[in-house]
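Accompanying notes for the structure given below.
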Amino acid sequence: MDISKALDKTEEGYESLSWALYLGTIATGVIGLIPPLSFFCFVLYIAIMILAYIRKKDAVGTPYASHLQNTFTVGIVSFVVSILLVIFTIGTLGFGVILAIPLWLVLIVWSLYRIITGMLALRDKKPFQSKI
């Protein structure tokens, strides 16, 4: 993977971009656990989703379009569900955390599953196949 080619509109560029977005998604999740860096990770996560959304249209016809769609899907679902769980927890004066924590764990497992299966398919230069 040559990250310098990530913005090229070639198959090699789409492959590099897909790797960068998958790794960026994992990095923002891990680094976001550090409170002083969580806002930076939130902004970076939004940038990853926007970049995946914009570039997936350019990659149509390549196996990498499905990887960019997968990155966008994981990002948007995780973002929306997390916002809803935060609102629910605040709305129940914190008691909603009893339900929110297991749901967040399910969301984390689902996100990791999609990212890891996507990375495995990307390693073999195959399109992402959604099973869930």
Side-chain angles (χ1 to χ4, degrees):
M1 169 184 72
D2 184 1
I3 197 69
S4 67
K5 297 182 187 248
L7 296 179
D8 292 351
K9 292 186 177 186
T10 63
E11 287 215 12
E12 185 179 3
Y14 298 130
E15 179 184 12
S16 295
L17 180 63
S18 297
W19 278 114
L21 295 180
Y22 278 139
L23 295 172
T25 300
I26 291 172
T28 57
V30 173
I31 297 170
L33 296 174
I34 303 168
L37 301 176
S38 59
F39 180 74
F40 168 74
C41 288
F42 172 74
V43 172
L44 182 58
Y45 198 61
I46 297 294
I48 287 170
M49 287 190 302
I50 291 170
L51 188 57
Y53 180 77
I54 291 170
R55 293 302 301 272
K56 74 183 172 97
K57 295 174 187 171
D58 296 337
V60 170
T62 70
Y64 307 109
S66 62
H67 292 285
L68 297 174
Q69 177 62 46
N70 181 43
T71 303
F72 176 74
T73 301
V74 167
I76 201 73
V77 169
S78 298
F79 181 75
V80 170
V81 170
S82 293
I83 294 296
L84 292 174
L85 289 174
V86 167
I87 291 170
F88 174 73
T89 301
I90 292 170
T92 59
L93 302 176
F95 292 109
V97 77
I98 295 168
L99 179 63
I101 288 176
L103 291 176
W104 263 313
L105 291 175
V106 169
L107 180 65
I108 290 167
V109 169
W110 175 81
S111 298
L112 284 173
Y113 172 79
R114 286 190 62 116
I115 291 169
I116 292 169
T117 56
M119 291 173 83
L120 291 172
L122 184 59
R123 178 193 63 192
D124 297 334
K125 298 187 186 317
K126 294 180 180 175
F128 175 77
Q129 301 287 329
S130 177
K131 295 187 176 56
I132 40 175

For [X], check side-chain hydrogen bond (donor to acceptor under 3.5 Å, both in side chains) against everything at least two apart and list the hits.
X      : result
Ser66  : none
Ser78  : Ser111
Lys125 : Glu15
Arg55  : Asp58

Is the shortest side-chain heavy-atom distance between [X] and [Y] below 4.5 Å?
X      : Y      : answer
Lys9   : Tyr14  : yes
Glu11  : Pro63  : yes
Gln129 : Thr117 : no
Leu68  : Tyr53  : no
Val81  : Leu103 : no
Leu17  : Lys5   : no

Of all heavy-atom pairs between [X] and [Y], which one has the smallest distance, and what is that distance?
X      : Y     : value
Ala59  : Ala65 : O-CB, 3.4 Å
Tyr45  : Val74 : OH-O, 3.7 Å
Ala121 : His67 : CB-CE1, 3.8 Å
Gly29  : Leu33 : O-CG, 3.6 Å
Thr92  : Gly96 : OG1-N, 2.6 Å

Are side-chain N/O atoms of Ser16 and Glu12 paired as donor and acceptor at under 3.5 Å?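 Note: Ser16 and Glu12 side chains miss the donor-acceptor criterion.
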
Ignoring hydrogens and angles, tell me if any N or O in the side chain of Asn70 forms a donor-acceptor pair with the backbone of Arg114 under 3.5 Å.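 Yes; judged by distance alone, with no hydrogens or angles, the pair exists.
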
Return yes if some donor-acceptor pair links the side-chain N/O of Ser82 with the main-chain N/O of Phe79 below 3.5 Å, else return no.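 Answer holds: no.
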
Indicate, with yes or no, if [Y] and [X] share a hydrophobic cluster defined by side-chain heavy-atom contacts under 4.5 Å among Ile, Leu, Val, Met, Phe, Trp and Tyr.
X     : Y      : value
Trp19 : Leu112 : no
Phe42 : Val77  : yes
Leu85 : Leu99  : yes
Ile90 : Val80  : yes
Ile83 : Ile101 : no

Quick one: [atom1] on [X] to [atom2] on [Y], what's the gap to the nearest 0.5 Å?
X     : Y      : atom1 : atom2 : answer
Met49 : Ile46  : CE    : CD1   : 3.5 Å
Tyr64 : Thr10  : OH    : OG1   : 9.5 Å
Ile76 : Ile50  : CD1   : CD1   : 9.5 Å
Leu23 : Ile115 : CG    : CD1   : 9.5 Å

Pairs flagged by ring pair (Phe, Tyr, Trp, His ring centres under 6.0 Å) wherever residues 83-111 is involved - sequence neighbours left out: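 Qualifying pairs: none.
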
Assess the residue pair Phe40 and Thr28 against the criterion (side chain to side chain contact (heavy atoms under 4.5 Å, CB included)); give the C-alpha distance rounded to whole Å, side-chain angles, the decisive distance to 0.1 Å, and a yes or no. CA-CA 9 Å; Phe40 168 74; Thr28 57; over 6 Å; no

Residues which pass side-chain contact (heavy atoms from CB on, under 4.5 Å) with Ala52, listed by chain and number, not counting sequence neighbours: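 For Ala52 the side-chain contact (heavy atoms from CB on, under 4.5 Å) partners, ignoring immediate neighbours, are Leu21, Thr71, Phe72.
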
Applying ring-ring contact (aromatic ring centres under 6.0 Å, His included), run through Tyr22 and Phe128 and close with a yes or a no. CA-CA 12 Å; Tyr22 278 139; Phe128 175 77; 7.6 Å; no

